[in-house]
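Every value quoted in this text rests on a predicted model; they were computed, and no experiment measured them.
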Amino acid sequence: MRDVWAGVAAGARWGVGEFALRPREMARRLIGAVLVRRLDDGTLLRGVIVETEAYLGAADQASHARNGRRTARNEPMYMRGGFSYVYFTYGMHFCFNVVCGEEGVAGAVLVRALMPTAGWEVMAANRGLSAGWKERDLCRGPARLCRALRIDGTLSAVDMTTSASLWIEEGDAKLLTEASDGGRRGVRIGRSARIGVEGAGKEWAGKPLRWFVRGSGFVSGTRKVNGG
DNA sequence: ATTTAGATCCTCT
DNA sequence: GAGGATCTAAATG
């Protein structure tokens, strides 16, 4: 992971340049970065990104932009890198994506889990959890993450390079080490097939387009999927 | 620890 | 009208 931070300052807000990557590279690059949400009352909620999935354009049969589809819902996927794409699914959940690449080309990264670093109490309240909750459960999974950070459809197509409500900051190696459950063997990044896309058919459902911090209790999915 | 069913409604065909 | 980039609780090994 060290190479990822070469020459960049921890805590700096990402600009257009950081988002100018293709989905695969973006998904890998986002691991360890910090997602920041500022509520209307000024409360800051933060978390280190520990799990992502890349969604490509026309060829990717698991993507909302498959076969070149362009609809009102997926329009943000075609925007310039740095915009958000939030969609509603399963009748009750929102999922948050980071749009990447150049304008006119579909591509985004689903952020699936965070290690919360600020605002735990507010996140728990947003999730509707009662006493006894654990930090590791607050943002484990894309829908939980959105609920904890109060991200919904009104935060789709937001420019995260300028927004006062939602943005990404450069990560810090120490925080990622913490997220990796001690990280005694160093921070290791695992890869696997994406979750919940079986319907896309063997070829695309099987591609290793999911990235996660190995051994982290903040990552979603089963032990089997996470390779122990 | 793993599996199952049910919730619930927007989006696209 | 069908299905979904999910989550929770309950049941079962």
Could you tell me the separation between the CZ atom of A:Phe94 and the C1' atom of C:dC7, rounded to a whole number of Å?
15 Å
Is there a salt bridge (Lys or Arg N to Asp or Glu O under 4.0 Å) between A:Arg80 and A:Glu102 once you walk through the steps?
CA-CA 5 Å; A:Arg80 185 209 69 212; A:Glu102 54 188 283; over 6 Å; no
A:Leu56 CG - C:dA5 P separation (whole Å)
15 Å
Rounded to the nearest angstrom, tell me the gap between atom CD in A:Glu75 and atom P in B:dC10.
21 Å
Classify the nucleic acid contact of A:Arg194 as base, sugar-phosphate or nothing, counting any heavy atom under 4.0 Å across all strands shown.
nothing
Just need the stems in DNA chain B: three or more back-to-back Watson-Crick or G-U pairs, each with both distances under 3.5 angstrom, sorted by first number.
B:1-7 with C:6-12, B:9-12 with C:1-4
With a 3.5 Å cut-off and just heavy-atom distances, do the side chain of A:Tyr90 and the base of B:dA7 make a donor-acceptor pair?
no
Picking from B:dC10, C:dT6, C:dT8, which would you name as closest to the side chain of A:Arg112?
C:dT6
Among C:dT6, B:dC12, C:dA5, which nucleotide sits nearest the side chain of A:His93?
C:dT6
Separation of B:dC10 C1' from A:Tyr85 OH (nearest whole Å)
11 Å
Closest approach to the side chain of A:Ala143, judged atom by atom: which nucleotide of C:dA5, B:dC12, C:dT6 is it?
C:dT6
Cation-pi between A:Arg147 and A:Phe94: NZ/CZ under 6.0 Å from ring centre and within 45° of the ring axis?
no
Applying a 4.0 Å non-hydrogen cut-off, can you work out what A:Arg147 is touching in the nucleic acid: base, sugar-phosphate, or nothing?
nothing
Among B:dC10, B:dT13, C:dT6, which is the nearest nucleotide to the side chain of A:Arg69?
B:dT13
Validation row, ring centre A:Tyr87 to ring centre A:Tyr85 under 6.0 Å
yes
Within the pair A:Arg66 and C:dG4, is there a side-chain N or O less than 4.0 Å away from OP1 or OP2?
no
What closest approach, in Å, do A:Arg210 and A:Glu51 show between heavy atoms, and which atom pair accounts for it?
NE-OE2, 2.9 Å
Do A:Arg194's NZ or CZ and the ring of A:Tyr55 fall within the cation-pi criteria of under 6.0 Å and 45°?
yes
Could you tell me if the side chain of A:Asn226 sits less than 4.5 Å from the side chain of A:Val219, heavy atoms only?
yes
Tell me, with the steps shown, if A:Trp14 and A:Glu169 meet side-chain hydrogen bond (donor to acceptor under 3.5 Å, both in side chains).
CA-CA 5 Å; A:Trp14 281 14; A:Glu169 289 178 1; over 6 Å; no
Could you tell me the separation between the CD atom of A:Glu51 and the P atom of C:dT6, rounded to a whole number of Å?
10 Å
Between C:dG4 (C1') and A:Glu53 (CD): distance, integer Å
14 Å
Distance check needed: C:dC7 P versus A:Arg127 CZ, whole Å only.
9 Å
